[in-house]
Amino acid sequence: MMSIQIRRVSKRFGNFLALQNIDLEISDGQLVALLGPSGSGKTTLLRIIAGLERPDEGAVLFDGKDITDVHVRHRKVGFVFQHYALFKHMTVFENIAFGLKVRKRRERPSSSEIKRTVDKLLSLVKLEGFANRYPHQLSGGQRQRVALARALAVKPRILLLDEPFGALDAKVRKELRRWLRRLHDEYRMTTVFVTHDQEEALDVADKIVIMNKGAIEQIGPPDEVYDEPASPFVYDFLGSVNLFHGRLADGKLKLKGAEIDVPGHFGASNVEAVGCVRPHQLSIEREKNGGDSFRATVQYCRSIGPDVFIELAAAESDKYVEVQLNKEEFQKLNLKKGETVFVRPREMRVFIPGH
Amino acid sequence: MHPSLETSVDTNSSKRRRGAKAGAGGGINTLLIGIALLYLSMLLFVPLVAIFVKAFEKGFGVYWAAITESDALSAVRLTLFVTAIVVPLNTLFGIAAAWAVTKFHFRGKQVLVSLVELPFSVSPVIAGLIFVLLFSPGGVLGPWFVEHGLNIIFSVPGIIIATIFVTLPFVARELIPVLEARGGSEEEAAVSLGANGWQMFWRVTLPNMKWGLLYGIILCSARSIGEFGAVSVVSGRIRGLTNTMPLHVEILYNEYQFSAAFAVASLMSILAVITLIMKSFMEWKTEQRANREVH
Amino acid sequence: MKKNRSHVLPGFGLSLGFAIFYLSLIVLIPLSMVFIETAQLGWDEWFRIVTSERVIHSYKISFGTSLAAAGINAVFGLIVAWVLVRCTFPGKRLLDALIDLPFALPTAVAGITLTTLYSENGWIGQFFAPLNIKIAFTPLGITVALIFIGLPFVVRMVQPVLQNLDKEVEEAAESLGASRFQTFRKVIFPELLPALLSGFSLAFARGLGEYGSVVFIAGNMPMKTEIAPLLIMTKLEQFDYAGATAIASVMLVISFVCLILINLFQIWCRKDRLAKG
């Protein structure tokens, strides 16, 4: 078990700044997701932790020891590649045994020991009886598990996975996700994986690191990053959000056609700000009940299971707003297309750009 | 610059569309097949057959005498000797160049790739000429070598170095596409599992490129055995001393010993046929792999 | 250099260093000799040599025959590629394999074989003799040898393009009422043209420098059937290194220009294709 510290790490590829000044602590036995859109630098960060990439600046520490200059060969990390990178000319058995067989003679386990280890791993990944198959004879999910077993064979101190479920279909993906979680709970090995799928991150990880444009936007447990996003980007990335651009003054966010109370922002006076409201945090009312609701026209309604999503066009601006209601509320309101109603945010988080 | 000798790593070749539409264009296709067959017969098939027919025209005895005569044998020996030096060197170079070009990014990479191909676009005669300019007694390095009693031009070292020049690209240009298509992640996986450089190379890289490497080596050998123009320039054409097989063929031919000339030529042609079979085998292999990866 | 390394794989310095060292030693330094020697020659002397009548004739013959051979190969290479991709007939695989023979066969062997076959009483030449067509020992013979040498280029450039051609585009053309010929001319041919031109230029460039297969069939009469590489050879045999170098410098520049043009053309085609999506 092992903790990881990333200190002020930066990395460039030519003119492209892949990572800038990253600071990150991962403690012992945590299961951490690096989440972000493509190009956010998450894979680069993972490869730097593995030692497959060298940071231009900054340091990587394992258990407080600086290992920035330690070669990947000596870092004792298990790395699972995005497309598995199985050795195509070797059987499943040979793939898994590879890391043991390349050890120096002194440290190399005997061949019976290697066989025992591989057999144990094969049963762990539920691939008993597949030892003599070649990678091309396996399905995507099976290849993925071979890649994992191969990485685990060298008893790594840290397990790193690059988009581990990216290339699999939805059902297999969900299964493997659960299985990875169980595996981690059993072994309590520090594990970091990269994903662009928020659901995957929210479902599996203890801690989520949300990245954007080479920087970390927020770090926290799944419910925290979901419920209290630290920036409009995180809001948008983890589910849908309505953004209201306005000016902040006297504890109110002033929009075209509405003024909304925002407690906690009394200090700010007359600055530009963005209010973030999730679709389920908006109410639709038939009458104007005070200054915090604005007029809008119903454009379109669609129901997905028990929820109904209503798209409205705000009357005073050219903005569209999405509201999420449950079926009951929707039926009670009896909305018609083209109807004019009032939309009221029940909760709102306000961000002042640059803060 | 020789596109034809590359084995195609094209996955689509498995979906080769065989069979033209019967009916409508059948007549035109038959005509085209006829033209193609005639063209290829006159240029490829008949000449290939002719080599062996001419070689045995005067009977097996003459054939055997021609290839076991002492000048012929020393030509064979010299050719094999040259090849045995040239091929390993160019193989080493091919692997190094392909490794650097396909696994790393650096400035001037494209220039390096073009330079590797450069010897193909230089006339063999000029390839010989440049070494004459360099090593002849009146040349740049010539006087120094003469002083030290080393003869490069009009002797074996000259033949070797000219052959290296002419066959330099073969291994590299077979390996580059193979390594490029494989990417670097298998090697990275090996390294992340603790393999050192040699282990990675022997256990992962080499098995992955072995067919391309073998084919490159065969092409390189075939060309170095058959090289004529460049060797012609740098060798002194001293019988029994600096005569390679192609030069021996030329001498026999110019002395009107046609059967003997074709007998020695037939030996080299067998090698050419083996090269062709090897290439077909390689294509068949890649096709198989492509089919496999589709499923 | 270190900054540009993409990852942790070993052997970058070693492999690149060795490759550059080897290339410099075998290719770059020796090749530069041609230009150094040419420079020592002086402009006037150089100009006198490369514009002498015999040299000019050798260039003309080299160019003319290479151009003719590449042109013939373009036409028939297209047909051969078409037949190999679109038709089925017994022995097709064998024929496909045979296409590469000119690359595998030593040029001297090709030279003596073609000369024997295409001379007046040879297997093939005898059919042309009654028509009063002499092939061996005439520029026609040189062209035949160059056709042989350049044959694989066009076929092997066009073949893969033809293989990957989208069948649906042709079917669409036919469903819109185009005849087979129209479909070929307006839909298929434009797709093949870049490959065809590349194959043509490669065959041409190869023909310019070819020596082994030509020297036997050419007859080597100055001003009539003497190609430029042979003239270089002749000058060398007379120890006229300056003359040989001057002729070589022109040939080298021409083949480098060819090479650059082919590369630019291929880059341009790739860009064009990307732009089209």
Side-chain angles (χ1 to χ4, degrees), chain B residues 1 3-5 8 10 12 16 18-20 25 29 32-33 35-36 39 43-44 47 50-51 93 96-97 99-100 103-106 115 118-119 121 123-126 129-131 133-134 164-165 168 184 187 191 197 222 226 228-229 233 246 249-250 253 261 265 268-269 272 275-276 279-280, chain C residues 4-6 8-12 15-16 18-19 22-23 26-27 30-31 33-34 37 76 79-80 82-83 86-89 95 97-98 100-101 103-109 112-114 117 124 148 151-152 156-157 160 163-164 180 202 205 209 211-212 229 232-233 236 244 248 251 255 259:
Chain B
M1 297 313 304
S4 55
L5 287 176
S8 83
D10 185 355
N12 281 333
R16 219 177 258 201
R18 288 169 205 280
N29 276 333
L32 292 177
I33 292 175
I35 294 173
Y39 186 68
L43 285 163
L44 303 180
I51 296 168
F93 164 75
W99 181 256
K103 305 288 173 183
F104 304 97
H105 297 286
F106 54 91
L115 285 181
L118 192 59
S121 52
S123 170
V125 174
I126 296 178
L129 166 76
I130 57 179
F131 293 106
L133 293 179
L134 209 55
I164 291 180
F165 178 94
L168 178 134
E187 274 91 0
V191 170
F228 177 67
V233 174
V249 169
E250 186 197 20
Y253 186 85
M268 291 191 280
S269 307
T275 313
L276 297 186
K279 197 209 165 191
S280 295
Chain C
N4 289 326
R5 284 185 65 159
S6 61
V8 293
L9 296 182
F12 176 64
S15 61
L16 184 66
F18 177 66
Y22 194 84
L23 264 178
I26 302 288
V27 179
L31 261 186
M33 288 306 300
V34 170
E37 292 277 323
F76 286 93
I79 293 173
V80 171
W82 180 271
V83 165
R86 293 294 175 95
C87 303
T88 23
F89 54 91
L95 209 63
L98 204 61
D100 287 318
L101 182 71
F103 284 159
L105 200 68
T107 52
V109 175
I112 63 168
T113 311
L114 291 173
L117 288 178
I124 297 172
F148 174 85
L151 188 142
R156 293 304 191 217
M157 289 303 273
Q163 241 156 34
N164 295 336
R180 272 177 71 84
L202 287 169
Y211 172 75
I232 296 176
M233 196 71 167
L236 275 173
M251 298 278 298
S255 41
L259 194 70

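A, B, ... follow the sequence lines: proteins, then strands. Residue 1 opens every chain. Fair warning: this is a prediction, and the values are worked out from it, not measured in the lab.
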Not counting sequence neighbours, which residues clear side chain to side chain contact (heavy atoms under 4.5 Å, CB included) with C:Ala205? List them please. C:Cys258
Do the side chains of C:Val109 and B:Ser269 get nearer than 4.5 Å, heavy atoms only? yes
Any residue meeting side chain to side chain contact (heavy atoms under 4.5 Å, CB included) with C:Pro229, in chain and number order, not counting sequence neighbours: B:Ser123, B:Val125, C:Ser62, C:Tyr211, C:Ile227, C:Met251
Cut-off 4.5 Å, heavy atoms of chain C, and the answer for B:Leu168 is side chain
Work out which heavy atom in C:Ala97 is nearest to a heavy atom in B:Ser280; give both atom names and the distance. CB-OG, 3.2 Å
Give a yes or no on whether the backbone of B:Asn29 and the side-chain of C:Trp82 come within a donor-acceptor separation of less than 3.5 Å. no
Does any heavy atom of chain B fall under 4.5 Å from the side chain of C:Ile26, the backbone, both, or neither of them? both
Pick from C:Val80, C:Leu236, C:Leu101 with the largest number of heavy-atom pairs that fall under 4.5 Å of chain B: C:Leu101
Spatial distance of atom CD1 (B:Ile33) from atom OG1 (C:Thr88) [nearest 0.5 Å]: 7.0 Å
Closest non-hydrogen atom pair, B:Ala96 against C:Phe18: CB-CD2, 3.7 Å
Atom CG in B:Leu276, atom CG in C:Leu105: separation rounded to 0.5 Å? 9.0 Å
Residue selection (most heavy-atom pairs with chain C, distance under 4.5 Å) from B:Ala50, B:Ala97, B:Pro119, B:Ala261: B:Ala50
Which answer fits B:Phe93, side chain, backbone, both or neither, if we ask what part of it has an atom under 4.5 Å from a heavy atom of chain C? both
When heavy-atom pairs shorter than 4.5 Å are enumerated against chain B, which of C:Ile112, C:Leu95, C:Leu98, C:Val83 gives the highest number? C:Ile112
Shortest non-hydrogen pair, B:Ala272 vs C:Ala104, comes out as CB-O, 3.4 Å
Locate the shortest heavy-atom distance separating B:Phe228 from C:Gly212; write the atom from each residue and the value. CD2-CA, 3.4 Å
Between B:Ile164, B:Val191, B:Val249, which residue shows the highest count of heavy-atom pairs closer than 4.5 Å to chain C? B:Ile164
Can you tell which part of B:Leu118 gets under 4.5 Å to a heavy atom of chain C, answering side chain, backbone, both or neither? side chain
B:Ile126 versus chain C, the contacting section by heavy-atom distance below 4.5 Å: side chain
Ranking C:Leu114, C:Leu151, C:Thr107 by heavy-atom pairs under 4.5 Å to chain B gives rank one to C:Leu151
On the 0 to 90° scale, with breaks at 30° and 60°, tag the B:Phe106-C:Phe12 ring pair as parallel, tilted or perpendicular. tilted
Engaged part of C:Phe148 at the chain B interface, taking heavy atoms whose separation is under 4.5 Å: both
With chain C, the option among B:Thr275, B:Ile51, B:Ile35 that has the most non-hydrogen atom pairs under 4.5 Å is B:Ile51
Smallest heavy-atom separation, C:Thr113 atom then B:Pro47 atom, equals CG2-O, 3.3 Å
To the nearest 0.5 Å, tell me how far C:Leu31 CG sits from B:Ile130 CD1. 4.5 Å
What are the two closest non-hydrogen atoms of C:Pro10 and B:Phe104, and how far apart are they? O-CZ, 3.7 Å
Bottom line for B:Tyr39: the part with an atom under 4.5 Å from chain C's heavy atoms is side chain
